[in-house]
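One structure below.
These numbers come from a predicted model, not from an experiment.
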Amino acid sequence: MSQNFQSGGRLRPVDLARRHGLSTQAIRNYEAAGILPAAERSPHGYRAYTPLHAQALRAFLALVPGHGHQAATAIMQAVNRDAIEDALRLIDESHVQLLDDRRTLQAVEGALRELDPVPQERGDTFVGPLARRLGIRPATLRTWERAGLVQPRRDPRTGYRVYGPADVRDALLAHQLRRGGYLLEQVAPLIAQVRSAGGVAPLEATLRDWHARLSARSRAMLTGAAALDAYLDCRPAALRGGPSAGITGSSATDPVEPPAGSL
């Protein structure tokens with residue numbers, strides 16, 4: 001049955017919250033953050049939501065798995081202030097990041113294929129030139145050293161760190177894995193396995209997991225796009241006060257409430 005998004009089907013905060021496994025405070029926080037359109041207030045100050053707000057909430061929760069909480073928030077804020085081009089640009093940026101992550105994975109796989117034998121680079125290098133090559137700070141390399149990702153030797157005369165070809169290989173691999181979202185404590189044992197095994201076999205399970213996570217994120221972006229498109233379709237009718245297609249129940253896979261303080 002058709003509903004009027006603006007005035008039909010009044011909803012309380014608890015109605016939106018229960019449907020998505022959230023708290024009423026989360027709903028209020030979402031409205032305050034601009035994720036939901038501003039709700040009308042009764043003469044006594046009570047919030048009155050509509051199916052339009054329910055559609056906005058569904059869109060936001062569908063965007064989070066693919067884009068992350070911060071980007072999903074920015075997208076909804078842009079839509080709700082009618083800055084649609086800004087919202088689309090944010091979505092495009094997320095897709096660019098996903099493509100970059102896929103290229104990073106390909107680069108990691110390419111680097112691993114070259115690990116055996118270790119590429120023979122000419123001469124040694126020091127912390128500054130290696131940091132510049134990787135596009136990181138020298139302090140990051142020192143942090144990696146403390147975590148066991150790299151093991152440069154020390155020049156006996158100067159005390160400077162000296163990175164040989166194997167150390168450069170480990171730094172390159174660590175850099176790629178860190179870009180792929182892996183924590184230092186996850187990268188360190190992988191690097192240790194590569195050192196001891198001298199091949200790519202220890203990383204095959206990690207690479208499969210990485211592929212799976214990128215595919216899941218890509219699918220989540222499709223789901224988020226569909227939900228946002230539905231919200232965009234209903235907004236003009238709502239702003240005109242006209243009818244639009246009825247809204248069905250919420251998805252069975254709606255995410256749970258984000259951690260406190262995330263807004």
- Query: Would you say Arg12 and Tyr46 make side-chain contact, with heavy atoms under 4.5 Å?
  - Reply: no
Would Met221 and Ile91 count as a side chain to side chain contact (heavy atoms under 4.5 Å, CB included) if you check the C-alpha gap in whole Å, the side-chain angles of each, and the deciding distance to 0.1 Å?
CA-CA 9 Å; Met221 284 185 175; Ile91 292 171; over 6 Å; no
For the residue pair Tyr49 and His53, does the interplanar ring angle fall in the parallel (under 30°), tilted (30 to 60°) or perpendicular (over 60°) class? perpendicular
Sequence neighbours excluded, the answer for side chain to side chain donor-acceptor pair (under 3.5 Å) partners of Arg137 is none
Contacts of Arg219 meeting side chain to side chain donor-acceptor pair (under 3.5 Å) (sequence neighbours excluded), chain-then-number -> none
- Message: Side chains of Pro13 and Glu31, heavy atoms from C-beta outward: is any pair under 4.5 Å?
- Response: no
Does NZ or CZ of Arg213 come closer than 6.0 Å to the centre of the six-membered ring of Tyr182, within 45° of the ring's axis? yes
Sub-3.5 Å donor-acceptor pair from the side chain of Gln55 to the main-chain atoms of Cys234, do we have one? no
Could you see if Leu184 belongs to whatever hydrophobic cluster contains Leu172? Use Ile, Leu, Val, Met, Phe, Trp, Tyr and a side-chain cutoff under 4.5 Å. yes
Rounded to the nearest 0.5 angstrom, the CG-OG1 distance for Asn29 and Thr24 is 9.5 Å
Across all chains, not counting sequence neighbours, the salt bridge (Lys or Arg N to Asp or Glu O under 4.0 Å) partners of Arg132 are none
Rounded to the nearest 0.5 angstrom, the OG1-CG distance for Thr223 and Leu61 is 12.5 Å
Next on the checklist: For a 4.5 angstrom cut-off between non-hydrogen side-chain atoms, does Leu99 reach Arg103?
Outcome noted: yes
Residues passing the salt bridge (Lys or Arg N to Asp or Glu O under 4.0 Å) test with Asp229, sequence neighbours excluded, are none
Exercise. Would you say Thr125 and Arg133 make side-chain contact, with heavy atoms under 4.5 Å?
Worked result: no
Check against side chain to side chain contact (heavy atoms under 4.5 Å, CB included), Leu22 and Leu16 = CA-CA 8 Å; Leu22 302 171; Leu16 290 180; over 6 Å; no
For Ala56 and Met76 the tightest heavy-atom approach is O-CE, 3.5 Å
- prompt: Around Gln70, counting heavy atoms of other residues, nucleotides and ligands shown, do more than 12 lie under 6.0 Å from its CD?
  reply: no
His211 meets the side chain to side chain donor-acceptor pair (under 3.5 Å) criterion, sequence neighbours left out, with Glu109
Inset, instruction - Establish whether Leu134 and Phe126 are linked, either directly or via other cluster members, by ILVMFWY side-chain heavy-atom contacts under 4.5 Å. - result: no
Output for pair (Arg19 CZ, Leu11 CG), nearest 0.5 Å, gives 6.5 Å
Can you find a pair of side-chain heavy atoms, one from Leu149 and one from Leu177, that are under 4.5 Å apart? no
Between the CG atom in Leu130 and the CG atom in Asp124, the distance rounded to the nearest 0.5 Å is 11.5 Å
CG (Leu98) and NE2 (His67) are apart, to the nearest 0.5 Å, by 9.5 Å
*Decide whether Leu228 and Ile84 are clustered together by the hydrophobic rule: side chain heavy atoms of Ile, Leu, Val, Met, Phe, Trp, Tyr closer than 4.5 Å, transitively.*
yes
Margin query: With a 4.5 Å cut-off on side-chain heavy atoms, are Arg178 and Ile136 touching?
Written below: no
Can you classify the ring geometry of Tyr30 versus His69 as parallel (below 30°), tilted (30 to 60°) or perpendicular (above 60°)? tilted
Residue pairs passing the salt bridge (Lys or Arg N to Asp or Glu O under 4.0 Å) test with at least one member in residues 90-101, sequence neighbours excluded, are Arg89-Glu93, Asp100-Arg179, Asp101-Arg217
TODO: State plainly whether the residues Arg153 and Asp167 are in salt-bridge range, i.e. N to O under 4.0 Å.
DONE: no
- Task: Establish, yes or no, whether the cationic atom of Arg161 lies under 6.0 Å from the six-membered ring centre of Tyr163 and within 45° of the ring axis.
- Result: no
Rounded to the nearest 0.5 angstrom, the CG-CD1 distance for Leu88 and Ile75 is 9.0 Å
